[in-house]
Number of protein chains: 2
Amino acid sequence: MNMPRRLVQPTNQTSIEDAPFSTTGLSSLFRHQPLERFAAGTIVFWEGDKATKVFEVVCGMVRAIRLLSDGRRIIVGFLRPGDLVGVSFKDQYVYTVEAVTKVELRRFSRHLFELEIARQPAMRELLFSKLCDEMTAAQDQAVLLSRRSADEKLASFLLRMATRRIGQHMVVDLPMTRQDIADYLGMTIETVSRTTTKFAGSGILAMTDRHIITILSMDELRSIAEGEECNHWIAPCLAKMRQQTSDARQLIG
Amino acid sequence: MNMPRRLVQPTNQTSIEDAPFSTTGLSSLFRHQPLERFAAGTIVFWEGDKATKVFEVVCGMVRAIRLLSDGRRIIVGFLRPGDLVGVSFKDQYVYTVEAVTKVELRRFSRHLFELEIARQPAMRELLFSKLCDEMTAAQDQAVLLSRRSADEKLASFLLRMATRRIGQHMVVDLPMTRQDIADYLGMTIETVSRTTTKFAGSGILAMTDRHIITILSMDELRSIAEGEECNHWIAPCLAKMRQQTSDARQLIG
DNA sequence: CGATAATTTGATCCAGTTCAAGCGACGTGG
DNA sequence: CCACGTCGCTTGAACTGGATCAAATTATCG
């Protein structure tokens, strides 16, 4: 499971903090499970490994990676505290998971996890709902990848990664490398770099550290990322189309 | 719900045939539900409509569409017999669904559907499994969109649409328009056209009708689409990487 | 049979890739 | 404490796949 949607307390790259258990009901399943720590850059599991475990990210960040036959690398998601890793109905994991930062995970035997899910209707609901959310997120990602310019991609990525607010501004932790971002957004490292530089140049954001940027003009960034789910625009647009086609519509059933 | 994965009996654009109930357990839920027919090009529901119903495609094909604020259109999936349409945990549908061909759908009140799912563990399993499959499919699609060339995109699209076999060859029904394909694969109608023409020119496929193509060289098409899940390549590749990093791996927990 | 929409084909153009070269931070060993 | 290599990132310059613009051609349907 991946494609984080929830906005949770960001993880500090160096210190270890507790995950916000209260927000994710599913976390309660993991509360007493063994804790595993992985150093930055290490592997949690490999694509193709027998899928015997499910994890919950407690703190830190992991990336889920898929490889194409020609060596091209795709990051299917960055997972943060509260996200589940490895939930699937396949025998094998369909992606490799690596620690981006030092990370703490709670491990759950997949078998037990499935039993618990079957036993607890409330948990089931939560998991189901989470799957649906991720489904939508994956589609959003597909839209992003297929139809958006470099500027739009980066802008919406930054907005999704934005978590902490200081005063007027948003601080964005980017513990992953530029290559990771590129592989996530379907662009090259050079374009990622050029685009961030451009944004910084036009005063939209400031780069303190390469891994910590501050959004100075949230509005501008939003208007660049524009259209993501721009409902105030879409609603009237749909209404118009609906009008146009309502007569053509034949509901035979 | 979308991104069809299962390979099912293809739908003929003009005749009405029964869906293969035996293959999808979930279909049994819909067996006695009211049947609705929609003419080609008509709307089943709109993005933003209150999500009160769930459908199962019985025969024909529908497309799930999302609109971006600037009018760009994305097709998130083509749905065929056995596929469920509109399953979600949102109040509103997140995409518009249109009939590509004349289509028959079984309608289910969402409320009842959810009750049934809650009541029948077997159905729940099936639905869950289906969601997971679609999750993976959506990710595959994201990979396709972000990292593949026009040739690769079209080749793998054709392979996924291929269903019926006649002799050595595969017949592919493409009831949707070129624009639909373009919007699904994240390319322009011109590129879709040029690429199909090129494939036809190099003897990989033959175009009978614009909407019915025959794959003449499955192998060539596969090697163009290559890499999709090319495990015979990936497995050794992963093994090598694993070797390289196994010593660096620190499992602290 | 003519009108209209869908598709193909042709000719440019450009965003983003590719190739190539600096740059700064960090760690290591002398 | 500093030279030196490495790594991740930025910057520059040329190149290209696919987009865009513009017809021509071919269904499709009254």
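Just so it is clear, the structure is predicted and the values come from calculations on it, not from any experiment. Lettering of chains follows the sequences in order, A, B, ..., and the numbering in each one begins at 1.
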Ordered by number, residues from residues 196-206 of chain A within less than 4.0 Å of DNA chain D (heavy atoms) are A:T197
How many Å lie between CD1 on A:I181 and P on D:dC9, as a whole number?
-> 8 Å
Between atom CG in A:L174 and atom P in D:dG8, what is the gap in whole Å?
-> 16 Å
Can you name the side chain to side chain contact (heavy atoms under 4.5 Å, CB included) partners of B:L205, sequence neighbours left out?
-> B:L158, B:F199, B:A200, B:I213
Sugar-phosphate or base contact per nucleotide [nucleotides 19-30 of chain D; S, B, -; heavy atom under 4.0 Å] | SBB-----S---
Would you please name every residue forming a salt bridge (charged side-chain N to carboxylate O under 4.0 Å, His left out) with B:R147, sequence neighbours left out?
-> A:D183
Taking only residues two or more places apart in sequence, or in another chain, which ones meet A:R178 in a salt bridge (charged side-chain N to carboxylate O under 4.0 Å, His left out)?
-> none
Residues forming a side chain to side chain donor-acceptor pair (under 3.5 Å) with [X], sequence neighbours excluded:
X: B:R210; result: none
X: B:T191; result: B:T188
X: A:S149; result: A:E152

Could you tell me from which nucleotide to which nucleotide of DNA chain C, 5' to 3', there is an atom under 4.0 Å from chain B heavy atoms?
-> C:dT7 to C:dA11
Criterion side chain to side chain contact (heavy atoms under 4.5 Å, CB included) against B:M61, the qualifying member of B:K102, B:M176, B:E98 = B:M176
Checking all strands, does A:T177 fall into the base, sugar-phosphate, or nothing category for heavy-atom contacts under 4.0 angstrom?
-> sugar-phosphate
Please list all pairs passing the salt bridge (Lys or Arg N to Asp or Glu O under 4.0 Å) test where one or both residues lie in residues 184-205 of chain A, with sequence neighbours left out.
-> A:D151-A:K198
Give a yes or no on whether the backbone of B:T177 and the side-chain of B:D180 come within a donor-acceptor separation of less than 3.5 Å.
-> yes
For the helix from C:dC1-D:dG30 to C:dG30-D:dC1, measure the angle between the helix axis at one end and the axis at the other, each built from five pairs, rounding to 10°.
-> 30°
Of B:D151 and A:I189, the one whose closest nucleotide on DNA chain D sits nearer the 5' end is A:I189
Residue pairs meeting ring pair (Phe, Tyr, Trp, His ring centres under 6.0 Å), one or both in residues 142-162 of chain B, sequence neighbours left out, come to B:F157-B:Y184
Which pair of heavy atoms, one from A:A99 and one from A:A39, lies closest together, and at what distance?
-> CB-O, 3.4 Å
How far apart are the closest heavy atoms of B:P175 and B:T101, and which atoms are they?
-> CB-CG2, 3.4 Å
Hey, can you tell me if B:F55 and B:F45 have their rings parallel, tilted or perpendicular (30° and 60° cut-offs)?
-> parallel
